Asks: 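My questions will all concern the structure given below.
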Number of protein chains: 2
Amino acid sequence: MVNFTNEAGPDKTDRKIMQLLARDGRMAWSELAEKIGLSLTPTLRRVRQLEEGGYIKGYVAQLDEGRLAGKVSVFVAVTLVNQSEEVIQRFEEQIALSPEVMSCFLMTGDADYTLRVVVPDLDGYQHFLTRTLTRIPGVAHIKSSIALKQVLMRPSPLL
Amino acid sequence: MVNFTNEAGPDKTDRKIMQLLARDGRMAWSELAEKIGLSLTPTLRRVRQLEEGGYIKGYVAQLDEGRLAGKVSVFVAVTLVNQSEEVIQRFEEQIALSPEVMSCFLMTGDADYTLRVVVPDLDGYQHFLTRTLTRIPGVAHIKSSIALKQVLMRPSPLL
DNA sequence: ACTGAAAATAAATCGCA
DNA sequence: TGCGATTTATTTTCAGT
């Protein structure tokens with residue numbers, strides 16, 4: 001018997017660490033240590049704790065979505081014919097395989113989905129609709145809302 | 001006279017680099033070099049080119065949104081009283097200061113906005129509405145759609 | 001828990017093919 | 001564009017407070 005898995009949760013210093021790494025995920029640990037006013041060892045230990053505790057899920061390069069995928073975002077409200085396990089599972093699976101789909105949320109109430117789909121232009125969206133979305137079994141109805149400008153996009157919540 | 005600013009754009013190797021860094025943004029350059037089958041020097045040069053060309057916009061730690069901000073996402077369609085510079089500018093400015101707002105898109109047509117707001121619960125959303133959103137000058141109408149599950153969220157486009 | 005120093009790795013730079 | 005070697009910086013580990 002050893003350790004009552006010290007579930008303390010992030011303190012103020014941990015939050016500062018997360019904040020800094022959310023802005024620059026490749027910052028040198030030595031630089032991070034300096035900025036939070038601790039030496040290397042405890043800094044790195046805190047980072048590892050945050051990673052293991054799942055507060056930091058990973059580190060990613062942010063790619064230019066507009067340049068690599070397209071400048072047009074379409075919010076798509078999808079209604080399924082029913083909410084059977086099979087229909088839902090197949091839908092979510094196919095969606096995850098479509099590179100145009102950047103995010104997908106299951107909505108309350110009507111139990112349908114809202115997707116954000118990124119395409120180069122409206123032609124590209126039409127292709128996505130006809131070649132991908134309408135071909136997924138169980139899709140009953142689709143309503144599209146087109147965005148032309150991304151005003152704000154936070155990769156991580158503000159602390 | 002020297003160089004017709006060689007605007008070549010990413011080749012297959014560059015795309016592989018972006019793909020790998022989008023999955024692990026803190027990977028050692030030496031490991032990246034191994035995976036793409038080049039030595040360190042050209043690998044690092046390519047990475048720097050991708051950064052300078054804006055294909056890689058930066059590196060960030062992914063924080064657990066559900067744990068740090070909340071499990072409830074609300075899509076909010078906001079209509080402004082008009083599209084005057086002043087109203088638009090103030091709206092976008094205030095939105096950017098609100099930590100609950102994770103993203104904001106300017107929509108075509110009616111020229112209103114779609115936001116994704118993250119809150120711990122519906123009470124938190126009510127607070128956001130009354131303390132923040134409805135207090136921004138120029139906000140005429142609000143329509144909320146509540147999500148309870150994030151099915152998919154890509155930090156970067158698939159290559 | 002934190003510090004500081006030593007040992008092991010990794011990153012940046014340079015001359016060259 | 002690419003390679004390999006050198007210099008410089010960073011990360012990791014460990015003994016001490």
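To find a chain, count down the sequence lines: A is the first, B the second, and so on, and within it residues start at 1. None of the values given here were measured: they were computed from a predicted structure.
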Asks: Of the options D/dT1, D/dT12, D/dT11, whose atoms approach the side-chain atoms of A/Ala28 most closely?
Replies: D/dT11
Asks: Tell me the interatomic distance from A/Trp29, atom CH2, to C/dA11, atom C1', rounded to whole angstroms.
Replies: 15 Å
Asks: Nearest 0.5 Å, what's the CD-CE distance between B/Glu34 and B/Met27?
Replies: 10.5 Å
Asks: Report, as yes or no, whether the 6.0 Å neighbourhood of atom CD on B/Glu31 holds more than 12 heavy atoms from other residues, nucleotides or ligands.
Replies: yes
Asks: To the nearest Å, how far apart are B/Leu44 CG and D/dT1 P?
Replies: 15 Å
Asks: Output the rounded distance in Å from CD1 (B/Ile36) to P (D/dG2).
Replies: 8 Å
Asks: Quick one: do B/Met107 and B/Val87 end up in the same hydrophobic cluster if we chain Ile, Leu, Val, Met, Phe, Trp and Tyr together by side-chain heavy atoms under 4.5 Å apart?
Replies: no
Asks: Provide, to the nearest angstrom, the distance between the CE atom belonging to A/Met27 and the P atom belonging to C/dA11.
Replies: 17 Å
Asks: Choosing from D/dC3, C/dC2, C/dA11, which nucleotide comes nearest the side chain of B/Ser39?
Replies: D/dC3
Asks: Name the residue from A/Leu115, A/Leu106, A/Thr114 that meets the side-chain contact (heavy atoms from CB on, under 4.5 Å) definition with B/Val151.
Replies: A/Leu106
Asks: Measure CZ/B/Arg46 against P/D/dT1 and give the value in whole Å, please.
Replies: 7 Å
Asks: Determine the contact category for A/Thr41: base if any of its heavy atoms lies under 4.0 Å from a base atom, sugar-phosphate if only primed atoms, P, OP1 or OP2 are that close, otherwise nothing.
Replies: base
Asks: What nucleic acid atoms does B/Leu40 come within less than 4.0 Å of, heavy atoms only: base, sugar-phosphate, or nothing?
Replies: base
Asks: Figure out the CZ/P separation between B/Arg26 and C/dT9, and round it to whole Å.
Replies: 18 Å
Asks: Mind checking if A/Arg45 touches a base, just sugar-phosphate, or nothing, with heavy atoms under 4.0 Å?
Replies: base
Asks: Looking only at side-chain N and O atoms, does A/Arg48 come under 4.0 Å of OP1 or OP2 in D/dT12?
Replies: yes
Asks: Can you label the angle between the B/Phe91 ring and the B/Tyr113 ring as parallel, tilted or perpendicular, going by 30° and 60°?
Replies: tilted
Asks: Write down the distance between CG (B/Leu32) and C1' (C/dA12), rounded to a whole number of angstrom.
Replies: 15 Å
Asks: Identify, between A/Pro42 and B/Glu31, the residue whose nearest nucleotide on DNA chain C lies closer to the 5' end.
Replies: A/Pro42
